[in-house]
J.: 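I have a structure here, written as C-alpha cells, and I will follow up with some questions on it.
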Amino acid sequence: LTLIILRILLLSAAAPTWAAIPPGQVLEELHYKVDVSIMTDAIRGKVVLKRLDGDKLWGAVMGESQGLLAKVSGNWKGTFSTEMIMRQGKLCPLVYREESTRTSKHNFKEYRFDYQKNTIELWQYKDGKLVKKWETTFTEAPTDGISLFYNQRLGIST
C-alpha cells in the first residue's frame with residue numbers, strides 16, 4: 001500500500017498533492033538482514049526515502065556489519081545517500097554521497113550533478129577539508145544506485 005501511495009504522489013501531475021507532504025516526512029523505510037557466505041545476519045541495513053524541501057527527495061541505504069563480519073571488517077558502517085529531483089519524468093541525482101567508517105578510518109565522497117552545465121564533480125575529504133578531486137561532463141543524464149533503485153521500484157522508465 002505504501003508503494004502504491006508513493007507512486008501516486010511521485011508520478012502525479014498534481015503538484016498540490018506533492019506539496020501537501022511535509023518536508024522531512026519519511027515516505028518509505030525498508031529493513032534488511034544480509035547473509036554473507038556462511039555468516040547469517042552479517043549486515044543489518046535499511047533503505048529510506050523521505051521528502052526534503054521543495055520538490056527534492058532524499059534516499060539512503062545504510063548498513064552496519066554484525067557479529068564475525070563486524071570483527072573482520074573493523075565494525076564497518078556505511079551510508080550511501082542521494083538528494084534527488086523529478087526531472088523529465090524520472091528521479092535524477094543532485095548530490096550522491098558515500099560515507100563509511102571502519103576501525104578509526106572515515107571515508108567520505110560527494111558527487112555533485114549539474115544539469116545546466118552537464119557536469120559531475122567529485123569532492124573528497126583531504127586533510128580535514130572537502131576538496132574537489134575531479135570534474136567531467138556528460139551527454140546523457142547520469143544516475144546512481146539509489147535513484148536507479150527508486151526509478152525501478154516505482155516503475156519509472158529509465
J.: Given side chains that start at C-beta, do those of Pro93 and Tyr111 come closer than 4.5 Å, heavy atoms only?
T.: no
J.: Quick one: list whatever passes side chain to side chain contact (heavy atoms under 4.5 Å, CB included) with Phe149, sequence neighbours left out.
T.: Leu30, Val47, Arg153
J.: What's the separation between atom CE in Met62 and atom OH in Tyr32, rounded to the nearest 0.5 Å?
T.: 12.5 Å
J.: Evaluate side-chain hydrogen bond (donor to acceptor under 3.5 Å, both in side chains) for Ser147 paired with Thr82, printing each intermediate quantity in order.
T.: CA-CA 7 Å; Ser147 59; Thr82 302; 5.7 Å; no
J.: Listed by chain and number, what are the side-chain hydrogen bond (donor to acceptor under 3.5 Å, both in side chains) partners of Trp123, not counting sequence neighbours?
T.: Glu121
J.: So, for Val36 and Ala42, which heavy atoms are closest and what is the spacing to 0.1 Å?
T.: CG2-CB, 3.8 Å
J.: Leu154, Val61: one ILVMFWY side-chain cluster at the under-4.5 Å cut-off?
T.: yes
J.: For a 4.5 angstrom cut-off between non-hydrogen side-chain atoms, does Ile156 reach Met86?
T.: yes
J.: For Lys50 versus Gly24, what's the shortest heavy-atom pair and its separation?
T.: CD-O, 3.6 Å
J.: Could you grab the distance from atom CG of Leu130 to atom CD of Gln124, nearest 0.5 Å is fine?
T.: 9.0 Å
J.: Nearest 0.5 Å, please: how far is CZ in Phe113 from OH in Tyr96?
T.: 9.0 Å
J.: Membership question, hydrophobic clusters at under 4.5 Å side-chain separation (ILVMFWY): are Leu91 and Leu94 in the same one?
T.: yes
J.: Answer yes if Leu57 and Tyr150 sit in the same cluster of Ile, Leu, Val, Met, Phe, Trp and Tyr residues linked by side chain heavy atoms under 4.5 Å apart, and no otherwise.
T.: yes
J.: Answer yes or no: does atom CZ of Arg102 have more than 12 heavy-atom neighbours from other residues, nucleotides or ligands under 6.0 Å?
T.: no
J.: Do the side chains of Glu140 and Phe138 get nearer than 4.5 Å, heavy atoms only?
T.: no
J.: Considering only heavy atoms from C-beta outward, does the side chain of Leu69 approach that of Trp76 to under 4.5 Å?
T.: no
J.: Can you name the salt bridge (Lys or Arg N to Asp or Glu O under 4.0 Å) partners of Glu135, sequence neighbours left out?
T.: Lys132
J.: Checking Asp114 now: which residues fulfil side chain to side chain contact (heavy atoms under 4.5 Å, CB included) with it, not counting sequence neighbours?
T.: Gln116, Lys117, Thr119
J.: Residues in side chain to side chain contact (heavy atoms under 4.5 Å, CB included) with Glu99, at least two apart?
T.: His106, Phe108
J.: Side chains of Lys56 and Val95: does their closest heavy-atom pair fall under 4.5 Å?
T.: no
J.: If you group Ile, Leu, Val, Met, Phe, Trp and Tyr by side-chain heavy-atom gaps below 4.5 Å, do Tyr115 and Trp58 land in one group?
T.: no
J.: Just verifying a value: how many Å separate Ser73 OG and Asn75 CG, rounded to the nearest 0.5 Å?
T.: 6.5 Å
J.: Can you tell me which residue pairs pass the side chain to side chain donor-acceptor pair (under 3.5 Å) test with a partner in residues 36-45, sequence neighbours excluded?
T.: Asp41-Arg44
J.: When rounded to the nearest 0.5 angstrom, what is the spacing between CG in Leu68 and CD in Gln66?
T.: 12.0 Å
J.: Atom OG1 of Thr136 and atom CG of Asn118: how far apart are they, to the nearest 0.5 Å?
T.: 11.0 Å
J.: So which heavy atom on Glu29 is nearest to which on Val48, and how close?
T.: CG-CG2, 3.9 Å
J.: Report yes or no: do Ile85 and Leu52 belong to one cluster of Ile/Leu/Val/Met/Phe/Trp/Tyr joined by side chain heavy-atom distances under 4.5 Å?
T.: no
J.: Should Asn107 and Glu98 count as side-chain neighbours, where that means a heavy-atom distance under 4.5 Å?
T.: no
